[in-house]
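My questions all concern the structure below.
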Amino acid sequence: MDRVRVRFAPSPTGPLHIGGVRTALYNYLFAKKNGGTFILRIEDTDQARFVEGAEEYIMESLAWCGIKIDEGIKEGGKYGPYRQSDRKDIYRQYADLLIDRGDAYYAFDTPQELEQLRIEAEKAGSTFIYNAAVRGMLKNSESLPKNVSDEKLNSGEPYVIRYKMPRGEEFHFDDIIRGSIVVNTDTLDDKVLFKSDGMPTYHLANIVDDHLMEISHVIRGEEWLPSLPLHYMLYRSFGWQPPLFAHLPLLLKPDGKGKLSKRDGDKMGFPVFPLYWPYGETAKGYREEGYYPEAFINMLALLGWNPGTEQEIFSMQELIDAFSIDRVGKSGSRFDPEKAKWFNHMYLQKRTNTELAMEFREILRTKGLHLDMGELGDLVGMVKERVTFVKEIWDQTDFFFKAPESYDPDAVKKRWKGDSPDMLKELKAVLEKISDFTPASTERSVKSWIESKGYNTGAVMNAFRLVIVGSLRGPHMYDIIGWIGKEETLKRIDKGISSLGKKQ
RNA sequence: GGUCCAUUCGUCUAGUGGUUAGGACGUCAGGUUUUCAUCCUGGUAACAGGGGUUCGAUUCCCCUAUGGACUACCA
């Protein structure tokens, strides 16, 4: 195989959606697996849709995901510039070349005229296609006498350059994922290659850049499959060797129908973007929701690709080693937010207590709490396995920091019995005598006291939990009181007894 | 409407011309636990339908159905 060079070529029209991130990821994995180069090319030929901040967003997203760009706007490279608006001067000559070869022509039809034709066709129950069948009846350099056409060009009348799709040809081409595909060129249209504003369309710019940048494999979304024949045709007209193409299946909505769209996130309560999008209509991001990039990438990689083994947890390097484009599926994948959470849970479990403590410390800081790392590490270790996100640690540990201000009514009803106050008074006396207030020693003393008195363990411990935590949740009681300390423990027992009182 | 693409548990998927059709998420049940959660064990659940080809099709072919993409001087 020649040197592998792939590109991810998004348009800066807004935040990058997770489908786009997956496309970038597969390109990256394929490149790294084959010792190739991953290129980021910004396709901003549509000036009307350009969105400020989108380009930066794309780059920051890839960086967050750990997808490293080899050649691009910031990285540089021998094939630059890597932004199509900076390559504007390149495209015109290729459009002219096609005209010289008779594979393209000038068209003067106005957008309004074409719109009218479409409406009329629709009324008649058909679809208007600008192709060989109607070319001769429209305003272009194929139908008009040469002098009329030249006059229009010279007078500065707006025009576009269209590809002259051949008539009645059975055209064969290949896709790595789909296999071989055949279309009749009569069903294709004379696509605009060069717009009246002086910019190329996607089709022209894409083919020219892929050729000039020596792209070996084009890995992109399935929405491009219908224009693949045109792209092959363009390579043929230029006399260039086309790259290999792989069209990825789309990401679908978790419920209902259709492909995942930008609006789905807020509607269904999960992000569809890697990062928070701060402009205009803001959108949530995985990063801000508390996902680890490793988990996010792992989840995305497995949506449409699988290694053929039962392994599900992959580091980026493992993904690179295992990746093969042959194992990319053919059908669209429905995105499952629950599975995404599971991946994050798994990655969080792999973090050390110290790492988690450092992350959690940032959250505590916003609450005005400052603790040393040793204490925090112990705390986090008690609850890490019950959380999916670092931010959930607070929900699991709030009672460590403050005595309950109220007691869960259901728990009180169920666990606060008539003899609870007396039992807790006795328990308090037992605890008071313990000088070495560690989980091991409190557990030993309390257990032997319960045993000697013949009490029911559940009755004691649940009432105890109620006054310490405020509800029936949390880690083991001895771990909790070991962390909050003897003094605080005794205080909470007193407070609980006086607040809850005797059961009526 | 037209063109193209797709179709295995609810979801992501493995898989083969003859399998008890496997795994994961979810869900349900049981166990562990002083609580909740975790965890462990187990269960549930799928080859869209119809024709072929074949000794035998989930697997190969055709049709239908369903879903999806595209159908712009957007990418």
Side-chain angles (χ1 to χ4, degrees), chain A residues 9-13 43-46 48-49 84 107 109-111 114-115 118 121-122 124-129 158-162 175 177-179 181-184 186-189 191-197 199-203 205-206 220-229 247 249-250 252 254-255 257-259 299 302-313 327 329-343 345 349 383-387 396 411 414-415 446-447 450 456-466 469 471-478:
Chain A
S11 280
T13 54
E43 307 220 330
D44 58 347
T45 53
D46 185 6
R49 292 211 311 159
Q84 286 184 331
D109 319 271
T110 66
L114 295 173
E115 184 56 28
R118 283 191 194 97
E122 198 174 328
S126 64
T127 306
F128 171 72
I129 303 178
Y159 65 91
V160 299
I161 296 173
R162 285 181 180 271
D175 180 86
I177 294 170
R178 317 276 148 188
I181 301 167
V182 188
V183 292
N184 188 300
D186 286 346
T187 65
L188 272 19
D189 63 344
K191 275 270 180 284
V192 171
L193 300 178
F194 204 84
K195 301 182 273 189
S196 58
D197 67 358
M199 289 293 268
T201 61
Y202 170 83
H203 304 291
N206 189 263
R220 78 232 294 195
E222 195 189 278
E223 68 268 26
W224 295 109
L225 202 50
S227 53
L228 183 56
H247 287 85
L250 266 14
L252 275 16
D255 69 335
K257 328 253 178 223
K259 72 168 176 176
M299 177 273 296
L302 257 21
L303 223 47
W305 169 85
N306 77 82
T309 66
E310 286 179 357
Q311 183 178 353
E312 292 213 81
I313 301 298
R327 296 203 63 89
K330 292 182 179 186
S331 51
S333 307
R334 196 157 279 140
F335 172 71
D336 180 6
E338 288 305 317
K339 189 113 185 199
K341 286 182 190 163
W342 177 77
F343 276 110
H345 177 79
Q349 301 319 310
V383 297
K384 70 187 268 193
E385 63 191 22
R386 45 224 293 154
V387 302
Q396 298 288 336
K414 199 170 157 199
R415 297 297 191 183
V446 172
K447 275 190 168 167
I450 288 175
N456 176 285
T457 306
V460 176
M461 297 309 290
N462 283 305
F464 188 23
R465 179 175 295 277
L466 197 48
V469 175
S471 61
L472 301 177
R473 65 191 171 101
H476 276 73
M477 282 310 297
Y478 306 105

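Since the structure is predicted, the reported quantities are computational estimates derived from the model, not experimental observations. So that the names make sense, note that chain A is the first sequence line, chain B the second, and so on, each numbered from 1.
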Note to self: Applying the Watson-Crick and G-U wobble criteria at under 3.5 Å, what pairs with B:A48? Answer none if nothing qualifies.
What the structure shows: B:U64

Margin query: Using atom C1' in both nucleotides, what's the gap between B:G51 and B:G67 to the nearest angstrom?
Written below: 22 Å

Next item on the list: Examine B:U13: is either OP1 or OP2 under 4.0 Å from a nitrogen or oxygen in the side chain of A:K330? Give yes or no.
Entry: no

Next item on the list: Respond yes when some side-chain nitrogen or oxygen of A:R473 is under 4.0 Å from OP1 or OP2 of B:U35, and no when none is.
Entry: no

Next item on the list: Test for a donor-acceptor pair under 3.5 Å between the base of B:G1 and the side chain of A:S126, counting only N and O atoms.
Entry: no

Check: Can a side chain N or O of A:N306 be found less than 4.0 Å away from OP1 or OP2 on B:A14?
Finding: yes

Checklist line | Any A:K195 side-chain N or O less than 4.0 Å from OP1/OP2 of B:C74 | finding: yes

Check: Are any of A:S333's side-chain N or O atoms less than 4.0 Å away from OP1 or OP2 of B:U13?
Finding: yes

Margin query: Categorize A:S331 for me: base, sugar-phosphate, or nothing, with a 4.0 angstrom heavy-atom threshold over every strand shown.
Written below: sugar-phosphate

Notebook entry, point to check: Say you draw a straight line from CD1 of A:I129 to OG1 of A:T187; how long is it, rounded to the nearest 0.5 Å?
Noted result: 7.0 Å

Check: Within the structure, does a side-chain N or O atom of A:R327 lie under 4.0 Å from either OP1 or OP2 of B:G15?
Finding: yes

Check: Which whole number of Å gives the distance between the P atom of B:C25 and that of B:G43?
Finding: 15 Å

Item checked: Euclidean distance for C1', B:G10 against B:C5 (whole angstrom) -> 24 Å

Checklist line | Presence of salt bridge, A:D189 and A:K191, under 4.0 angstrom | finding: yes

Next item on the list: May I ask you to decide if A:N306's main-chain N or O and A:R327's side chain share a donor-acceptor pair within less than 3.5 Å?
Entry: yes

Next item on the list: For B:C47 versus B:G18, give the span between their C1' atoms, rounded off to a whole number of Å.
Entry: 16 Å

Notebook entry, point to check: With under 30° as parallel and over 60° as perpendicular, where do the rings of A:H203 and A:W224 fit, or are they tilted in between?
Noted result: perpendicular

Check: Between A:R162 and B:C73, does any side-chain N or O lie under 4.0 Å from OP1 or OP2?
Finding: yes

Checklist line | A:T45 side-chain N/O to B:A75 phosphate OP1/OP2 under 4.0 Å | finding: yes

Notebook entry, point to check: For every nucleotide of nucleotides 19-28 of chain B, 5' to 3': is a protein heavy atom under 4.0 Å from its base (B), only from its sugar-phosphate (S), or from neither (-)?
Noted result: ---SSBS---

Check: Mind checking who B:U19 pairs with, Watson-Crick or G-U wobble, both distances under 3.5 Å?
Finding: none

Notebook entry, point to check: Does any donor-acceptor pair link the side chain of A:R49 with the base of B:C74 at a separation under 3.5 Å?
Noted result: yes

